[in-house]
A.B. asks: 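This is the structure I have questions about; it appears just below.
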There are 2 protein chains.
Amino acid sequence: MKKIDILKKLRSSGLRPTKQRVEIAKFLFEREKTFHFTVESLNKLLTKKSASKIALATIYNTVHAFKTAGHLSEVEVRGNKTYFDTNVSNHHHFYDSDTSELIDIDSNDIIIQKIPKAPNGKKIKNVEVFINLIN
Amino acid sequence: MKKIDILKKLRSSGLRPTKQRVEIAKFLFEREKTFHFTVESLNKLLTKKSASKIALATIYNTVHAFKTAGHLSEVEVRGNKTYFDTNVSNHHHFYDSDTSELIDIDSNDIIIQKIPKAPNGKKIKNVEVFINLIN
DNA sequence: TTTCACTTTAGAATAATTATAAACTATAAA
DNA sequence: TTTATAGTTTATAATTATTCTAAAGTGAAA
Ligand SMILES: [Mn+2]
Ligand SMILES: [Mn+2]
Ligand SMILES: [Zn+2]
Ligand SMILES: [Zn+2]
């Protein structure tokens with residue numbers, strides 16, 4: 001994904017391409033592989049990488065704006081930090097509690113044969129599988 | 001589960017059956033169905049139910065002691081609160097984000113046909129399935 | 001009974017996140 | 001181009017969940 005696409009991506013979702021947003025978006029979206037992060041880890045990586053310092057509040061604002069726009073998803077893992085994911089398609093995860101690392105599993109790599117029906121009046125929105133790892 | 005069993009349960013895991021622990025244990029374990037809760041919700045329910053007030057720190061201490069003893073498990077759900085579960089066997093969950101409610105799914109009610117192999121050097125500890133619900 | 005390690009407790013401390021409100025800026029209109 | 005303004009950033013305060021601390025209290029072994 002090139003810079004022009006980043007600008008398009010932001011503009012098309014009603015987000016002004018500010019210096020900060022472009023920098024964060026380039027960091028998050030100009031990569032081959034899926035990226036899982038917390039706001040804290042993203043902040044550290046951005047501080048290390050770039051010259052200009054972005055306020056922590058801006059990173060929170062931006063990550064939430066990207067999530068609302070559908071450019072990031074939120075993943076639930078153990079712990080009290082919120083994890084975000086550049087993979088917004090339906091997929092599953094390995095979770096290595098040793099390193100607190102998430103690894104994507106393609107939706108097609110897990111097949112569920114039997115599943116209970118949803119309770120009274122509710123519908124199934126989606127199914128998420130977590131495979132917890134140990135050494 | 002009767003009071004004598006509660007005392008046995010506590011003693012057998014090296015926990016002195018103090019007034020507070022017995023009260024919390026009775027509240028948590030003397031019920032037919034599985035119970036999912038946060039420390040905050042447990043605190044509210046205990047305050048409402050009982051005459052004697054238990055300090056919040058004690059509820060945190062006790063819940064963690066019970067978890068360490070294997071009498072409670074921790075469930076990961078969306079949000080930044082920690083959820084606990086009186087069901088300590090291997091099982092899955094429906095999650096109703098509308099009510100923030102967890103519902104147990106028996107391990108046998110979900111059959112996974114295809115699963116990817118664990119990454120290099122890692123082993124699969126367990127597989128957790130979350131079925132997210134909508135109205 | 002006495003003793004003491006274990007436990008409870010109030011309050012302080014920490015960690016993650018959100019709110020506030022003033023300064024700044026992208027961009028549409030003039 | 002300037003100007004106007006709604007959107008954005010930022011430092012800092014506030015909030016929320018949880019853990020820490022250290023003093024007072026207590027269960028149970030001796
Ligand atoms: Mn979490
Ligand atoms: Mn959680
Ligand atoms: Zn992912
Ligand atoms: Zn459960």
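Letters go in sequence order (proteins before strands), and every chain restarts at 1.
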A.B. asks: Aromatic contact between A:Phe29 and A:Phe35, with the criterion being ring centroids under 6.0 Å apart: yes or no?
C.D. replies: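 They do not qualify: ring centres at least 6.0 Å apart.
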A.B. asks: Mind calculating the distance between CG (B:Asn43) and P (D:dT16) to the nearest angstrom?
C.D. replies: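 Rounded to whole Å, this separation is 15 Å.
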A.B. asks: Let me know the distance between CD1 of B:Ile24 and C1' of C:dT8, rounded to the nearest Å.
C.D. replies: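 Those two atoms, CD1 and C1', are 11 Å apart.
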A.B. asks: Set out, line by line, the N/O atom pairs under 3.5 Å between protein and nucleotides 14-21 of chain C.
C.D. replies:
from	atom 1	to	atom 2	distance (Å)
C:dA16	OP1	A:Lys81	NZ	3.4
C:dT17	OP1	A:Thr82	N	2.8
C:dT17	OP1	A:Thr82	OG1	2.9
C:dT17	OP2	A:Tyr60	OH	2.8
C:dT17	O5'	A:Tyr60	OH	3.4

A.B. asks: Figure out the CD1/P separation between B:Ile54 and C:dT8, and round it to whole Å.
C.D. replies: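 To the nearest whole Å, that distance equals 9 Å.
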A.B. asks: Any link between B:Leu7 and B:Leu72 through a network of hydrophobic side chains (Ile, Leu, Val, Met, Phe, Trp, Tyr) touching at under 4.5 Å?
C.D. replies: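 Same cluster.
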A.B. asks: Quick one: NZ on B:Lys9 to CG on B:Leu28, what's the gap to the nearest 0.5 Å?
C.D. replies: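 One finds 9.0 Å between NZ of B:Lys9 and CG of B:Leu28.
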A.B. asks: Give me the distances for all protein-to-nucleotides 23-30 of chain C N/O pairs that come in under 3.5 Å?
C.D. replies:
from	atom 1	to	atom 2	distance (Å)
C:dA26	N3	A:Arg16	NH1	3.3

A.B. asks: Between P on D:dT10 and NZ on A:Lys53, what's the gap in Å once rounded to a whole number?
C.D. replies: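 My rounded result for the distance is 8 Å.
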A.B. asks: Would you be so kind as to tabulate the donor-acceptor pairs closer than 3.5 Å made by side chains of residues 108-119 of chain B, with sequence neighbours excluded?
C.D. replies:
from	atom 1	to	atom 2	distance (Å)
B:Asn108	ND2	B:Asp106	OD1	3.2
B:Lys114	NZ	A:Asn108	O	3.3

A.B. asks: Please give, in whole Å, the distance from D:dT18 P to B:Lys67 NZ?
C.D. replies: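 For the pair B:Lys67 NZ and D:dT18 P, the rounded distance is 12 Å.
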A.B. asks: How would you list, by chain and number, every residue that makes a salt bridge (charged side-chain N to carboxylate O under 4.0 Å, His left out) with B:Lys125, sequence neighbours excluded?
C.D. replies: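 With sequence neighbours excluded, B:Lys125 shows a salt bridge (charged side-chain N to carboxylate O under 4.0 Å, His left out) to no residue whatsoever.
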A.B. asks: Would you say B:Gln20 places a side-chain N or O within less than 4.0 Å of OP1 or OP2 belonging to C:dT9?
C.D. replies: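 The answer is yes; a side-chain N or O of B:Gln20 sits under 4.0 Å from OP1 or OP2.
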A.B. asks: Among residues at least two apart in sequence or on other chains, which ones pass side-chain hydrogen bond (donor to acceptor under 3.5 Å, both in side chains) with A:Thr68?
C.D. replies: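 Expected list: none.
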A.B. asks: Describe, in one word, how the ring planes of A:Phe84 and A:His64 are oriented to each other, choosing from parallel (under 30°), tilted (30 to 60°) and perpendicular (over 60°).
C.D. replies: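 Perpendicular.
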A.B. asks: With sequence neighbours excluded, tell me which residues meet side-chain contact (heavy atoms from CB on, under 4.5 Å) with A:Asn61.
C.D. replies: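 Per chain and number, A:Asn61 pairs via side-chain contact (heavy atoms from CB on, under 4.5 Å) with no residue.
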A.B. asks: I need the CD1-P distance between A:Ile59 and D:dA11, as an integer number of Å.
C.D. replies: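 One finds 11 Å between P of D:dA11 and CD1 of A:Ile59, rounded.
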